Amino acid sequence: MPRRLFRLFFALLLALALVASACGNDDDGPAAQVIEESAPEATPTQAAPAPTEEAAPEATPTEAPPAPTPTPAGPAPTEEAAPEPTPTEAPPDRPQRIVSLSPTATEILFAIGAGDQVVAVDSFSYYPPEAPVTDLSGWDPNVEAVLSYEPDLVVIANDANDLMAGLDAVGVEVLVSAAPADFEGGYDSIAELGIAVGRVDEAAALVADLRAEIDAALAAAPEVPIRVYHELDNTYFSVSSNSFIGAVYAAMGAINIADEADADGYGYPQLTEEYIVEANPELIVITDLVGYTAEDVAARPGWGEVDAVRNGNIVVVNSDIASRWGPRLPQFIGAVAEALQTVAASVS
């Protein structure tokens, strides 16, 4: 029975007893004895405490919070998950002591923001000016000399003197960054270098910028079927369309006379004087590092009838920008485009 009804019931009994007493009923029968005996134990003021004391231990909605709830258990999953690094929070695993024996790689390393990781470069890596140039050689490397810089990564253009085997033997990582055969290969080389030195985003940005610059330079260049001979040295090594240098000429529609001599697709065939004279190039390109001039080329015996010599179309380009794949390649494209435009104008 609900507590409230319980109290009303006993109040009613008490009221009836009082009414009976007021009416002059002096009978002390059993009924009256039951009411009188029950009344003191069941008055409203005495009955209330008993249910309250018995009900107090019972949990109520307001008393429930002290019991265990899901809230105290929450920290456990949080504490276990916290140490797990997310891709954006994980620190990049970057080599801190890089030795570059490739002038091209050196330029790219600095262009992608890894200059502060480079501790030494070869004697020809004099660009950019802040590169730490040493007397190390990329053509004739010495393992002990390279190891003296305590590198954790060595970047080379080619393996000479068993350099890779010597570095592998002591646990030093080596990356071969060879000259690419075309533009896409060059972009891939930049991306690969970026991955190796922990500069992925920077390398991607450089590729995007370089691609845009090269595309713009090629779009502005004339597409003319001019016969071209690109000379690397006085022993007549040249470049075919299977090299990134030759890819520049091919992209402009030029005819590279070295292509027929590059049957194996090496990219850098050695020609002969007879072959060159017979091919009769309309444009000859040499670099400023060969040790001779355009006048020296024109004075070679038997070359007087070559169209490029007769018309004065022997161009000297900067060796660095003409032989290194990297951030300055658009400058070489611009120089070649200008030369081709000049030749096209002279033969039209």
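Every value quoted in this text rests on a predicted model; they were computed, and no experiment measured them. Note: hydrogens, waters and symmetry copies are ignored here, and every other heavy atom, side chains too, is used.
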(message) Taking side-chain hydrogen bond (donor to acceptor under 3.5 Å, both in side chains) as the definition, give me every residue that meets it alongside Asn256, ordered by chain and number, with sequence neighbours left out.
(response)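 Once residues adjacent in sequence are excluded, Asn256 has no partner under the side-chain hydrogen bond (donor to acceptor under 3.5 Å, both in side chains) criterion.
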
(request) Drop me the distance from Arg94's CZ to Leu153's CG, to the nearest 0.5 angstrom. (result)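 It comes to 13.5 Å.
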
(message) Using 0.5 Å steps for rounding, measure from the CG atom of Leu232 to the CD1 atom of Ile286.
(response) 11.5 Å

(request) Mind telling me whether Tyr266 and Tyr268 have parallel, tilted or perpendicular rings, with 30° and 60° as the class edges? (result) perpendicular

(message) Ring-plane angle category for Tyr249 and Phe332, please: parallel below 30°, perpendicular beyond 60°, tilted otherwise.
(response)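 Geometry flag for Phe332 against Tyr249: perpendicular rings.
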
(message) Using a 6.0 Å distance limit plus a 45 degree cone around the ring axis, check whether Arg324 lies over the aromatic ring of Phe244.
(response)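 Relative to the ring axis of Phe244, which defines the angle, Arg324 lies outside at least one limit.
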
Electrostatic pair [X]:[Y] at N-O distance under 4.0 angstrom:
X	Y	answer
Glu273	Arg300	no
Asp116	Arg199	yes
Arg211	Glu184	yes

(request) Return the set of residues passing salt bridge (charged side-chain N to carboxylate O under 4.0 Å, His left out) with Glu173 (not counting sequence neighbours), or none when no residue passes. (result)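 Applying salt bridge (charged side-chain N to carboxylate O under 4.0 Å, His left out) to Glu173 gives none.
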
(message) Holding to side chain to side chain contact (heavy atoms under 4.5 Å, CB included), I want the full list of residues that pass it with Ala250, two or more places apart in sequence or in another chain.
(response)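 Testing Ala250 for side chain to side chain contact (heavy atoms under 4.5 Å, CB included), a comparison that skips the adjacent residues, returns Ser241.
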
(message) Testing the 3.5 Å rule here: is there a donor-acceptor pair between the side chains of Gln270 and Tyr275?
(response) no

(request) Give a yes-or-no answer on whether the side chains of Asp140 and Asn161 include a donor-acceptor pair shorter than 3.5 Å. (result) yes

